[in-house]
Amino acid sequence: MGYPVRSMADARDIRQHLESLVTGAVRAAVAAGELPDVALPGATIERPKDAANGDYASSLPLRLARAAMKPPLVIAEVLVRHLPADPAIEAPEVAPPGFINFRLSNAFLQSQVEWVISAGERYADLAIGAGKKAQVEFVSANPTGPLHVGNGRGAAIGDALASTLGAAGYEVEREYYVNDAGTQTDSFGDTLYARYQQLFGRAVDIPKDGYPGHYMVELASQLKAEAGDRYLRPEGEPAPADLTEVGIDLMVRGIRSSLAAFGVNYDRWFSEKSLYGASGVYDEVMALLLANGQLVDREGARWFTSSDLGEDKDNVVVRSDGRPTYYASDIAYHYDKFVKRGFSLVIDVWGADHHGHVSRLKTATGAFGADAEGLHVLLYQLVVLKRGGEIVRLSKRSGEIITLDELIDEVGADAARFFFLLRSPGAQMEFDLDLAKKQSNENPVFYVQYAHARLAGILRRATEQGLSPEGGDVTLLTRGHELALVREMMRLSEVIQVAATTFEPQHLPHYAMSLATAFHAFNDAFKVQNDSALKVITEDEALSRARLRLVQAAKISLARVLGLMGMTAPERMDRAEAAIEG
RNA sequence: GCGCCCGUGGCUCAGCGGAUAGAGCGUUAGGUUGCGGACCUAAAGGUCGGAGGUUCGAGUCCUCCCGGGCGUACCA
């Protein structure tokens, strides 16, 4: 009762707090002549795997043993003697082979419930990106066809990463780079015109390097429906000059709505073509590289002399026909990102088939004077689809793809996102369509969302009974299942910190599952034992309010991580017919 | 050939150089007539592809080998 909640550290800096306690103990031990004056390694506070070893542990004695010429256990005991009492933790313990284990005090854990509630939607926000501008560019698929399932993986990863960086304090922008210039755009336009002409009864073949997919027929139909024969030219004459652009715009419109259906909204759609327009970005960076002596004309083309900068070979930036390559566009684009717009952290989310491009882009980034360290290319591996036990390989341009729209239709955006995020980007993943749409306990998506719905249900029920969490006394929360839930809630900031610094969003869904587990176990504990003293809502009103306070905080935590993943946090679950018939 | 990614229980995959390698699904044995069981508890199941090395300590770092994927364009 009356514990000075605000004066304590919160979950965001408890590790740092413990670290400073330990280093303080080292200084004290050195001053007392019990330890030689040795250099300290950093970051020694860890999370023991086994809860029996406490909430946090320091391995400093193990690291110090050699330099201090003393056994780790002896060092640990010396340090523990010099550790001051602290309200956030119980008495530290020494454990072989030389750890110092810390257990958080109940008072501290209880205080976190209030902390979470006061932080609300911003709970677990960090400041590691404060004052820095970050950009996440993702999907950026060619607007020559609809998005497929693989693009969905990039969308889920990029969007979640952007949200996570936002939570870590960065000012974040989401961007889609529209490849509306270049050779693929041309053959797209040629295909579109061929399909368009076919609709008017002309016997025209699509170009051999064109796009055979059926969606091009649909696109032509859409064009005909919207514009009639306005784009038709006499037989044998070339397509009207603006047809390609109109087609690209239609395609981009479709891509934009697919992504919106997936819950992804961009701050900016950046046109590749704009690099060559009035902005003058392309001319500017090329002039810069030329002045640096990093461009040479050879064999009729213009080359970037990347081999001088450690690359395997030089690369063409201007073809012999005078048109810039994709590489040239990308150099200009990243010049725009770093130099023109001042992002200090730039993340490109690419499919792994582009990995050959990473190194030379970084080299170019350094060449125009930006800090290439600020550029992170996050590669994600292929998606293999599985349906009915069969593997469906996604192949580009085969015309036979499974679109993102179809995936959303079939399994829903939430489930698709969760499964995409669950796997580390670097691992090839198998996407089991049957599992993802299964509305049963085989599906972890429902497990997590159900936990949130249950939390909401409890609060709803309490309100009906005239009970609210207001004024709940958190110091009444002393049972194992209650405190275990608080411990799990506290991990969120660590998860955000790891995800935001390693750019690995897979930590989010894994954390969401264990938070849901902690809640389900808490929720179940009192039911199983049929012990009225263990119910969330009991005759004991004070205890009920305290538990509701915890429920409120848990709901905030779970909603936060669902939000970071771009998933909805449902107040109730709608059971679909599929589950009932089964 | 060279370069990058991946190889962890039956399946799909986590695992910031630390203490007995984890989860979900599947399997087995229980609980649960519920503030929404799409729940909970427990068990069985792995020489972390192989061999060396660094370290007080290696699934994690280094080298080599094996297997799978991708790249190695004046395509993107």
Side-chain angles (χ1 to χ4, degrees), chain A residues 43-44 46-50 52-53 57 59 62-63 65-66 71-72 95-99 101 140-142 144 179 182-185 187 209 299-303 312-313 315-321 323-327 329-330 351-359 379-382 384 386 396 419 422-432 435 438-447 449-451 453-454 456-462 464-465 467 494 497-498 501-502 504 506-507 509-510 513-514 517 520-521 523-528 530 535-537 544 551 572-573 575 579:
Chain A
T44 65
E46 299 143 16
R47 279 263 187 195
K49 280 181 200 159
D50 188 343
N53 290 320
S59 59
L62 287 160
R63 294 163 199 264
R66 175 176 288 237
F99 290 98
N101 293 336
S140 299
N142 269 340
T144 52
N179 299 121
T183 54
Q184 300 210 358
T185 305
S187 60
D209 58 345
E299 301 158 34
R302 175 161 287 187
W303 301 70
D312 291 344
K313 57 186 181 56
N315 293 96
V316 172
V317 289
V318 183
R319 299 181 179 89
S320 46
D321 65 4
R323 299 193 312 174
T325 61
Y326 172 81
Y327 185 40
S329 288
D330 245 12
D353 52 339
H354 289 66
H355 80 250
H357 191 60
V358 175
S359 177
L379 300 171
Y380 62 90
Q381 296 290 328
L382 289 184
V384 177
K386 215 169 137 191
K396 219 173 178 180
F419 279 95
L422 200 52
R423 311 306 177 211
S424 72
Q428 286 179 42
M429 70 168 283
E430 207 166 274
F431 196 107
D432 189 332
L435 174 60
K438 222 174 231 174
Q439 308 221 346
S440 76
N441 58 355
E442 289 170 55
N443 193 332
V445 178
F446 292 95
Y447 181 82
Q449 291 188 319
Y450 178 55
R454 267 185 151 177
I458 292 169
L459 292 171
R460 215 164 35 230
R461 178 64 176 228
E464 285 165 19
Q465 296 185 8
L467 263 183
E494 284 176 36
Q497 189 254 321
V498 169
T501 52
T502 61
E504 292 175 348
Q506 75 271 21
H507 298 289
H510 285 279
M513 280 199 281
S514 62
T517 297
H520 283 309
N523 190 46
D524 224 69
F526 47 80
K527 289 180 174 179
V528 171
N530 193 26
K535 298 233 180 206
V536 172
I537 300 169
S544 299
V551 165
R572 36 172 47 101
M573 297 294 276
R575 243 188 146 123

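Every heavy atom of this structure was used, including side-chain atoms; hydrogens, water molecules and symmetry mates were not.
Qualifying side-chain contact (heavy atoms from CB on, under 4.5 Å) partners for A:S320, counting only residues two or more places apart in sequence or in other chains: none. For the side chain to side chain donor-acceptor pair (under 3.5 Å) test, no residue two or more places apart in sequence or in another chain qualifies with A:R319. Not a single salt bridge (charged side-chain N to carboxylate O under 4.0 Å, His left out) links A:R423 to another residue, sequence neighbours left out. Contacts of A:N315 classified as side-chain contact (heavy atoms from CB on, under 4.5 Å), with partners at least two apart in sequence or in another chain: A:S306, A:K313, A:Y327, A:R360. In this structure A:A453 satisfies the side-chain contact (heavy atoms from CB on, under 4.5 Å) test together with A:M573, sequence neighbours excluded. Residues passing the side-chain contact (heavy atoms from CB on, under 4.5 Å) test with A:N101 are A:N53, A:A57, A:A95, A:F99, sequence neighbours excluded. Under the rule for a ring-ring contact (aromatic ring centres under 6.0 Å, His included), the partners of A:Y450 that lie at least two apart in sequence or sit in another chain are A:H520. Residues forming a salt bridge (charged side-chain N to carboxylate O under 4.0 Å, His left out) with A:D50 (at least two apart in sequence, or on another chain): none. Qualifying side chain to side chain donor-acceptor pair (under 3.5 Å) partners for A:K386, counting only residues two or more places apart in sequence or in other chains: A:E430.
A distance of about 35 Å separates the P atoms of B:G57 and B:G68, rounded to the whole Å. Using P as the reference atom, B:G26 and B:C39 are 10 Å apart when rounded to the nearest Å. Between B:C11 and B:C66, the two P atoms lie 25 Å apart (nearest whole Å). When the C1' atom is used for both B:A42 and B:G69, the distance is 40 Å, rounded to whole Å. B:G17 and B:G7: their P atoms are spaced 16 Å apart (whole Å). Nucleotides B:A29 and B:C70 place their C1' atoms 46 Å apart, quoted to the nearest Å. Comparing B:G9 with B:G45, their C1' atoms sit 6 Å apart, to the nearest whole Å. Across B:G34 and B:U28, the matching C1' atoms stand 26 Å from one another, rounded to whole Å.
Residue A:D524 contributes atom CG, which lies 14 Å from atom P of B:G31 at whole-angstrom precision. We find that NE2 of A:H520 is positioned 10 Å from C1' of B:C40, with the value rounded to whole Å. In this structure, A:L379 atom CG and B:G3 atom P are separated by 18 Å, rounded to whole Å. Whole-Å rounding puts the A:L62 CG to B:A19 C1' distance at 9 Å. In this entry the distance linking CE of A:M573 with P of B:A38 reads 10 Å, nearest Å. Atom P of nucleotide B:C39 and atom CZ of A:F446 are separated by 11 Å, given to the nearest angstrom. Atoms CE (A:M513) and P (B:G24) sit 8 Å apart, rounded to a whole Å. The CZ atom of A:F419 sits 9 Å away from the C1' atom of B:G24 (whole-angstrom rounding).
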For nucleotides 72-74 of chain B, tabulate all protein N/O to nucleotide N/O atom pairs closer than 3.5 Å, reporting atom names and distance.
| residue | atom | partner | partner atom | Å |
| --- | --- | --- | --- | --- |
| B:C74 | O2 | A:S320 | N | 2.7 |
| B:C74 | O2 | A:S320 | OG | 3.0 |
| B:C74 | N3 | A:S320 | OG | 3.2 |
| B:C74 | N4 | A:E299 | O | 2.8 |

Identify the pairs formed between an N or O of the protein and an N or O of nucleotides 12-17 of chain B at a distance under 3.5 Å, and give each distance.
| residue | atom | partner | partner atom | Å |
| --- | --- | --- | --- | --- |
| B:U12 | O2' | A:R423 | NH2 | 2.6 |
| B:C13 | OP1 | A:Q428 | O | 3.2 |
| B:C13 | OP1 | A:E430 | N | 2.8 |
| B:C13 | O2' | A:R423 | NH1 | 2.9 |
| B:A14 | OP1 | A:S424 | N | 2.4 |
| B:A14 | OP1 | A:S424 | OG | 2.7 |
| B:G15 | OP1 | A:Q506 | NE2 | 2.8 |

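Nucleic acid contact class of A:P72 (heavy atoms, under 4.0 Å, all strands): none. Base engagement by A:A95 is indicated by at least one non-hydrogen atom pair under 4.0 Å involving a base atom. Within 4.0 Å of A:R572, counting heavy atoms only, lies at least one base atom of the nucleic acid. Within 4.0 Å of A:N179, counting heavy atoms only, lie sugar-phosphate atoms of the nucleic acid but no base atom.
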What pattern of brackets, bars and dots sums up RNA chain B from 5' to 3', given Watson-Crick or G-U wobble pairs under 3.5 Å, [ ] for crossing pairs and | for another strand? (((((((..((((....[...)))).(((((.......))))).....(((((..]....))))))))))))....

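Residue A:N101 places a side-chain atom within donor-acceptor reach of the base of B:A19, judged by atom type and a 3.5 Å distance cut-off alone.
Proximity of A:Y450 to the phosphate of B:C40: no side-chain N or O atom is located under 4.0 Å from OP1 or OP2.
Counting heavy atoms from C-beta outward, A:N179 and A:Q184 have side chains that stay 4.5 Å or more apart. Contact of the A:H510 side chain with the A:L422 side chain is registered, since non-hydrogen atoms from C-beta on lie closer than 4.5 Å. Looking at heavy atoms from C-beta onward, A:P444 lies in side-chain contact with A:F419 at the 4.5 angstrom threshold.
The side chain of A:S59 approaches B:G18 more closely than any other nucleotide in the set B:U20, B:G18, B:C39. Closest contact between the side chain of A:Q184 and the listed nucleotides B:C39, B:A19, B:C75 involves B:C75. Side-chain proximity of A:Q381 to the nucleotides B:C5, B:A76, B:G36 is greatest for B:C5.
The residue among A:P324 and A:H355 whose nearest nucleotide of RNA chain B is located toward the 5' end is A:H355.
Within 90° of 0 lies the glycosidic angle of B:G37, which makes this nucleotide syn.
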Check the pair A:N523 / A:R454 against side-chain contact (heavy atoms from CB on, under 4.5 Å), numbers first and verdict last. CA-CA 9 Å; A:N523 190 46; A:R454 267 185 151 177; 3.2 Å; yes

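Counting only N and O atoms by type, the side chains of A:T517 and A:Y447 include a donor and acceptor under 3.5 Å apart.
Ring-to-base geometry places A:F99 in a stacked arrangement with B:A19 (centre distance under 5.5 Å, plane angle under 30°).
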